[in-house]
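Okay, structure first, notes after.
Fair warning: this is a prediction, and the values are worked out from it, not measured in the lab. Atoms considered below: every heavy atom in the structure, side chains included; atoms not considered: hydrogens, waters and symmetry mates. Whatever order the structure lists ligands and atoms in, that order sets their numbers, starting from 1.
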Amino acid sequence: MKRVIFPGSFDPPTLGHLNMIERASRIFDEVNIVLSVNVTKKPLFSPEERFKMLEELVVNMPNVKIHLWDKLIVDFAKKMDIKIMLRGVRALADFSYEFELAMTNKTLYPELDVIFLPTDPQYFVLRSSAIKEIAMHGGDISGMVPPNVAKAMKTRF
Ligand code: ADP
């Protein structure tokens, strides 16, 4: 049974995230989304709000599970005995950051294999931080996030 973790902050989940999750659910037997509760970042949505949004998005994907986690991601993987981590990469800039992160995680958990999946071209420019900025200034984000997220953002701003 191939089990994978897909960690992130998902603040908020975008169509790019959803595309990764859908593809991962076809490649792996079990996909574990690890919603990191990062105390150093000031998120737009609470961990519980993000959890609920993700839950709505994966309702038709029975092999996808969501977890809230406030410690090191590798510790989650160890606890669950999962040895594969999936990360999405968009531009080259993502790659250098992700590569360093993968090296660090490998040091912390030598049995871990990190797999990079390139974004599908139509999601190339989707980034949670930019989407928040656009929404904050009243821009149309309906083509960038799933409808439940667009609704939540409209309410928030
Ligand atoms: P983090 O803070 O851990 O980078 P994010 O929520 O920004 O969390 O991203 C979670 C994962 O989703 C990361 O692997 C990221 O590269 C991937 N991702 C985000 N947006 C896209 C996208 N548009 N296409 C492909 N992968 C993406």
- What closest approach, in Å, do Pro13 and Val145 show between heavy atoms, and which atom pair accounts for it? O-CG1, 3.8 Å
- Closest approach of Gly88 to Met20 (non-hydrogen atoms, all atoms of both residues):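 What the structure gives for the nearest pair is CA-CE, 3.2 Å.
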For ligand 1, list all ligand N or O to protein N or O distances below 3.5 Å, rounded to 0.1 Å.
unit_1, atom_1, unit_2, atom_2, d
ligand 1, 2 (O), Ser9, OG, 3.0
ligand 1, 2 (O), Lys41, NZ, 3.2
ligand 1, 3 (O), Arg87, NH1, 3.2
ligand 1, 3 (O), Arg87, NH2, 3.3
ligand 1, 4 (O), Arg87, NH2, 3.2
ligand 1, 6 (O), Ser9, N, 3.2
ligand 1, 6 (O), Phe10, N, 2.9
ligand 1, 6 (O), His17, NE2, 3.1
ligand 1, 8 (O), Ser9, N, 3.1
ligand 1, 8 (O), Ser9, OG, 3.4
ligand 1, 9 (O), His17, NE2, 3.3
ligand 1, 14 (O), Arg87, NE, 3.4
ligand 1, 14 (O), Gly88, N, 2.9
ligand 1, 16 (O), Gly88, O, 2.4
ligand 1, 20 (N), Arg90, NH1, 3.2
ligand 1, 23 (N), Tyr123, O, 2.9
ligand 1, 23 (N), Leu126, O, 3.2
ligand 1, 24 (N), Thr119, OG1, 2.9

- Query: Mind checking what makes salt bridge (Lys or Arg N to Asp or Glu O under 4.0 Å) contact with Asp140, not counting sequence neighbours?
  - Reply: none
- Message: Would you say that more than 12 heavy atoms from the other residues, nucleotides or ligands in this model lie under 6.0 Å from the NZ of Lys78, or not?
- Response: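 Atom NZ in Lys78 is crowded, with more than 12 foreign heavy atoms closer than 6.0 Å.
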- Query: Could you give all pairs that pass the side chain to side chain donor-acceptor pair (under 3.5 Å) test and reach residues 121-132, with sequence neighbours left out?
  - Reply: Asp11-Lys132
- Message: I'd like to check the ring-ring contact (aromatic ring centres under 6.0 Å, His included) partners of Phe124; sequence neighbours left out, ordered by chain and number.
- Response: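 ring-ring contact (aromatic ring centres under 6.0 Å, His included) list for Phe124, sorted by chain: empty.
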